[in-house]
Every structure is written in C-alpha cells, then in structure tokens.
Amino acid sequence: MKVLVPVKRVIDYNVKVRVKADQSGVDLANVKMSMNPFDEIAVEEAVRLKEAGTATEVIAISMGPEQSQETLRTALAMGADRAIHVVHDGELEPLMVAKMLAKIVSEETPDLVVLGKQAIDDDANQTGQLLAGLLGWGQGTFISKLKIEGGAISVTREVDGGLEKVGLKLPAILTVDLRLNEPRYASLPNIMKARKKEIAKKTPADLGVDTTPRLKTLKVAEPPKRQGGKKVGSIAELVDKLHNEAGVI
Amino acid sequence: MPLDKATLDQFLDTLRRFVDERLIPAEAEVDATDKVPQAIVDEMKELGLFGLTIPEEYGGLGLSMSEEVEVAWTITHAAPAFRSVFGTNVAIGSQGIVIDGTQEQKRKYLPKLASGEFISSFALTEPDIGSDAGSVKTRATKDGNGYVLNGAKRFITNAPTANVFTVMARTNLEEKGARGVSAFIVDADTPGIRLGKPENKMGQKGAHICDVVFEDCRIPGDALIGGLEGVGFKTAMKVLDRGRLHVAATCCGLADRLIDESVNFALDRKQFGQTIGEFQLVQAMLADSRTEHDVAWALVRDAARRGEAGEPITRLGAEAKYYASEMVGRVADRAVQIHGGSGYINDYPAARLYRDVRIYRLYEGTSQIQQLVIARDMLKEARSRRA
C-alpha cells in the first residue's frame with residue numbers, strides 16, 4: 001500500500017505571530033518555520049503503517065518556496081521514503097493545492113492520502129475535503145483512531161458531539177486530529193540518511209494548475225485585546241448583565 | 001566526517017524541541033523522585049545521543065568536537081541529570097576504548113555503548129585519590145593470563161546502572177606515579193565487584209553515583225585496554241581534554257537556560273509598581289550573566305575548532321572548563337538573586353539548577369587543578385623559549 005502525505009511549511013507553533021505594519025499579512029522575516037504540527041501527526045501515522053507492514057511506501061509532498069525542502073527533509077528523517085517538492089513562491093489557495101495533489105495522485109496512484117486536518121497558519125481546513133471531492137474518494141476527517149484491515153478502514157472521528165466511528169473503503173483520504181498519535185523526534189542517524197533520499201521537483205505548470213489567486217486579502221489585523229472580566233454579586237445581577245449588557249440570553 | 005550545516009541545524013532543532021517538550025516538563029518530577037523516567041531514556045537512545053562520539057563504523061555518530069559541544073550546549077538547557085544518563089557513554093566511559101582499545105575491544109563494546117544498550121562508567125577516583133589522580137591505589141595483580149583487581153573506587157557516576165566499567169588500576173607497584181597505572185574494561189557482572197549505596201547528593205537528582213569495590217575480582221587478560229600496561233593514565237588524560245570541553249559546553253548550556261529563567265522572571269515579577277526588569281540593579285545582573293556566558297561559549301567553540309585543527313588543547317580545555325564552571329556558578333547565583341525568595345524554593349528551576357551546577361567546579365578536575373594545568377603550561381612554554 002502506497003501512502004501520500006502532504007506537509008506544509010508554517011510558522012513554528014511556538015512563535016508569537018506578528019502582523020505586518022501595513023496589515024498586508026503576517027511578518028515572516030527571520031521567523032522560525034516548521035512543519036505544520038497536524039502534518040507531523042500525519043507523517044507519523046504513515047510511518048507507523050509502514051513499520052507495521054501495512055504500507056509499503058510513504059511519499060511526502062510539500063508545495064511552497066525553496067525552503068519547503070527543509071520541511072520535506074524532516075518528513076524524510078521521520079521515515080518517509082521519498083519526497084516531491086512543488087516549487088512555488090507566493091500564496092497557494094486550498095483549491096489549487098487540492099488540484100495539484102489530485103494530479104500527483106493520478107501519477108503516483110496511492111491507496112491512501114493522509115493529511116493534517118488543517119494548517120495552523122490560515123486554519124482553512126479545506127484541502128483534504130477538496131481533494132476527496134476532486135478524486136471522488138471516501139474521506140475520514142479529524143480522525144483520532146485508525147484501523148486498516150484488508151481493504152477496509154475504520155476510523156474514529158472527533159466531532160462536536162463526541163466520537164464518531166466511520167468505515168471507509170480504499171482508496172481514501174484521511175485528515176488527522178491531534179490525539180491520533182505523538183510524533184517521534186527524528187534521530188541524527190535518520191536525519192543524516194534523509195539527506196540522501198530523493199526529493200523530486202515539480203512546478204504548478206508541470207501539474208497543469210493555474211496558481212493565479214482567486215482570493216484577495218483585504219486586511220490582516222491582530223485580534224482585539226481581551227477585556228478584563230467583571231465580578232457580579234448575585235445570580236440575579238449575572239442574569240441581568242447577560243440579558244441587558246451582553247445580550248446573549 | 002563533519003556534518004553539513006543544514007544537517008547539524010536540523011538535529012539541534014530537533015534536540016531543542018525534545019528539551020522543551022519532554023525534558024524541561026519532567027525536571028520537577030526527576031528532582032523529586034531522583035529518577036529519570038525510562039520512557040525518556042528510551043527516547044534519548046532513539047535520538048542517537050548515547051553514540052554521539054563513537055565512530056560511525058561502530059554504530060555511533062562520530063561527531064567532531066565542535067559538533068559535540070553544540071549538542072552538549074543544547075541538551076543542557078534542561079536539568080543536567082538528563083545529560084548524565086548518556087554522558088559517560090559519550091565521554092570518559094567510551095573514549096578510552098575509542099582512542100586506545102584493540103580491534104576486538106572496539107567491536108565488543110562500542111556498538112553496545114553507541115546504542116545505549118550498555119551504560120558505561122569511568123572508575124578513577126578513590127577514597128584517598130581525587131585530584132592526585134596519578135596515585136591510584138587500586139591494584140591489578142597479574143595472575144596467569146589475567147589480572148586480579150583489589151581496591152575501592154568512589155563517587156563513580158552511573159555505577160548503579162553500569163554494564164561496564166573503565167577501571168584505572170596500578171599494574172606496577174614499583175612505579176609510584178601515573179606510569180604504573182593501566183586501564184581495564186570490566187564487565188559489571190564480574191564476580192568480586194560490589195557496589196556501595198547511591199550517594200545522597202546536593203543536586204543533579206536522577207543521576208546516581210556510588211562506590212565500586214573490587215575484592216579479588218578476576219578479569220581476563222584481554223580486559224587490558226589496548227593490550228598494554230602503563231598507558232592507562234595517559235589515555236585518561238587525553239580523554240579528559242575532550243571531556244573538559246564537553247563539560248564546559250554543558251556549563252554554558254545551563255547558564256543560557258538560567259539566563260532565560262532570569263529574564264522571564266524579571267519581565268513578569270512586579271515590585272514598586274513596575275516589573276523588576278526595569279530596575280537597573282537587576283539589569284546589571286542580567287547583563288553580567290549574558291556577557292559572561294557569551295565569553296565562555298566563545299572560548300569553548302574556539303577551543304573545539306582549534307582541537308579539530310590539530311592544535312594541542314590541554315591548556316585551552318582547562319581554561320574553558322575553569323572559566324565556564326565558575327561562570328555558571330555566578331550566573332546561577334544571580335538567577336537565584338533575581339528570583340528573590342522564590343529562588344530559594346525548589347518549585348523554581350533557578351533553585352534546582354543552582355544546586356545542580358555546583359558540581360562543575362569540582363569534577364573532571366577542580367578549578368584549582370585547572371589553574372595549575374594552565375599556569376604550568378604557561379611556565380613550561382616560557383622556559384622552553386629561554387632555553
């Protein structure tokens with residue numbers, strides 16, 4: 001079984017994000033970048049499938065600037081076998097990413113594509129679902145448990161009301177949630193080995209996808225500063241404030 | 001083979017995440033329970049930390065001195081007990097075999113030390129022998145093809161968990177000094193080895209030391225490192241050159257962590273209506289700590305580079321170890337001072353690390369011994385210029 005794992009290079013989760021002075025976007029100059037944490041969970045799961053003998057090959061894909069190679073090197077050090085880098089400077093919208101992934105899927109014919117449920121930069125939470133739509137494959141999103149037996153997959157999804165169990169047939173799209181696993185730290189021997197693994201380069205043009213933006217960012221702003229809470233003396237006062245001041249009841 | 005920068009950076013990044021996500025959150029538990037959780041030890045094995053300095057052909061990573069100090073600096077942003085788990089395998093516990101061992105000894109021990117399957121321990125210090133290391137009293141008496149060990153070793157790091165000991169023992173009773181001392185690699189399950197109870201130390205809880213007593217302990221002839229008598233002590237000194245730089249890097253890593261703790265506390269703690277970081281007397285302490293760390297770290301990195309280039313670094317290593325260990329003592333003291341009363345409470349890393357760093361001015365040569373090494377080398381050099 002072949003598994004594709006798309007990984008995105010995003011601002012490191014420890015970095016405090018700052019908005020550019022002209023409000024055109026987020027300041028990325030000299031900011032530490034890392035693999036999207038949900039994608040790390042996806043890579044870990046794919047590598048575990050390989051270690052369990054369920055998967056035969058794990059291919060990591062990243063779309064972005066030259067430095068996205070470093071993200072791919074991390075995936076390779078964690079245990080992916082090879083990587084594909086779609087080189088592109090500038091923004092890519094989820095639909096473009098999904099279309100390019102669909103093209104790569106048609107070339108690589110994997111049985112499974114495992115993605116992070118969303119990227120922590122724009123939190124779009126669209127790519128996996130769009131890809132499933134484009135391919136006409138079944139999808140299991142926000143999964144916290146995965147079982148594969150024969151051609152059948154059973155996943156546990158984290159939904160608002162609790163946990164939902166879904167059965168899927170291969171080939172399928174999975175998007176992973178936080179509790180699926182705890183990703184490993186790449187060891188130095190594996191980091192060294194990863195340097196020798198292949199990263200194939202492609203461009204959006206090779207994949208026949210138009211990357212002209214369809215969306216325009218009007219303004220990016222910091223969230224408003226949180227106001228201090230208020231203390232109330234009685235339940236009656238609380239209800240009164242919720243009703244008359246907050247207008248929520 | 002030196003690593004390319006991208007590879008080393010990626011490893012150091014991973015290591016820093018491991019420190020921040022796994023080790024630092026476990027520090028209080030390790031201090032309270034006096035034990036490093038097995039899950040963390042296993043992760044350190046996976047990361048390759050036990051084999052940092054063991055050559056690649058024996059399953060290690062074969063890091064250069066410059067690379068090793070970067071790793072030591074990074075990992076000691078967490079309590080030093082974690083480093084201690086693999087510290088002996090990286091330094092004094094394995095390097096004697098790497099430098100002087102026979103092919104057979106290398107093949108037998110190095111792969112297991114590199115993977116962490118074996119924990120090694122270095123047994124030089126004795127109840128009466130500390131800084132005067134050449135006066136080892138433990139005897140190795142020739143007996144047929146092998147030797148019989150008798151004597152006691154004291155404060156031996158990792159001895160309670162060790163699988164193998166590098167033991168310094170006197171093979172030549174006529175020769176009073178260092179030249180009569182040989183090095184042996186001894187399996188810990190050899191009959192005639194008795195361990196004392198782990199010492200109750202001031203700091204570095206989770207890292208254990210104890211006495212190792214040899215009573216008619218019979219070892220085979222091929223336990224003699226390098227198959228040669230009388231070179232053991234010299235080897236130990238060669239190992240110490242590198243070991244001292246490693247310790248100096250460790251001091252710098254801890255100092256940098258203590259500075260982080262100090263700066264963050266100074267930004268949060270308010271007195272007289274403002275954060276204490278606004279007070280110039282606090283700022284002076286922060287500035288002194290930062291500057292002294294940067295000086296020490298520059299010295300360590302420079303010494304590592306020179307050592308790699310083939311320069312003798314006995315004096316530089318002593319300078320680095322001397323300055324960095326004294327430096328981290330001052331930085332830890334200021335960190336406690338900046339924390340005020342909280343700095344005396346073990347819930348704060350400043351208090352725990354203050355106890356942890358005190359050892360650095362004592363082991364692998366006290367500050368006073370380093371001063372002697374430095375000054376003697378200066379005088380020797382000056383004399384040779386006159387002659």
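In what follows, every heavy atom counts, from backbone to side chain, and hydrogens, waters and symmetry copies are set aside. Proteins get letters first, then strands, A, B, ... in listed order; numbering begins at 1 in each.
Between B:E21 and A:E182 there is no side-chain heavy-atom pair separated by less than 4.5 Å. Using a 4.5 Å heavy-atom threshold, the side chains of B:E43 and A:R184 count as separate. Side-chain atoms of A:L188 and B:T7, non-hydrogen and from C-beta on, do get closer than 4.5 Å to each other.
The contact between A:A77 and chain B is made entirely by side chain atoms (from C-beta outward), counting heavy-atom distances below 4.5 Å. For B:D9, no part lies near chain A; criterion is any non-hydrogen pair under 4.5 Å. Looking at B:D20, neither its backbone nor its side chain comes within 4.5 Å of chain A, counting heavy atoms on both sides. If you measure heavy-atom distances from B:E46 to chain A, the contacts under 4.5 Å come from the backbone alone.
Few gaps surround CD on A:E164; more than 12 heavy atoms of other groups in view lie less than 6.0 Å from it. Counting heavy-atom neighbours within 6.0 Å of A:F142 CZ, excluding the residue itself, gives a total above 12. Around NZ of A:K201, the count of heavy atoms belonging to other residues, nucleotides or ligands within 6.0 Å exceeds 12. More than 12 heavy atoms of other residues, nucleotides or ligands sit less than 6.0 Å from atom NZ of B:K106.
Partners of B:F265 by ring-ring contact (aromatic ring centres under 6.0 Å, His included), not counting sequence neighbours, listed by chain and number: B:H339. Evaluation of the side chain to side chain contact (heavy atoms under 4.5 Å, CB included) rule for A:S187 yields A:P189, A:N190 as partners, not counting sequence neighbours.
Proximity to chain B at a heavy-atom threshold of 4.5 Å picks out A:K32, A:E40 from residues 20-44 of chain A, in numerical order.
Residue pairs meeting the ring pair (Phe, Tyr, Trp, His ring centres under 6.0 Å) criterion with at least one member in residues 173-200 of chain A, sequence neighbours excluded: A:Y185-B:F18.
Rounded to the nearest 0.5 Å, atoms CE (A:M192) and CG (B:L3) are 5.0 Å apart.
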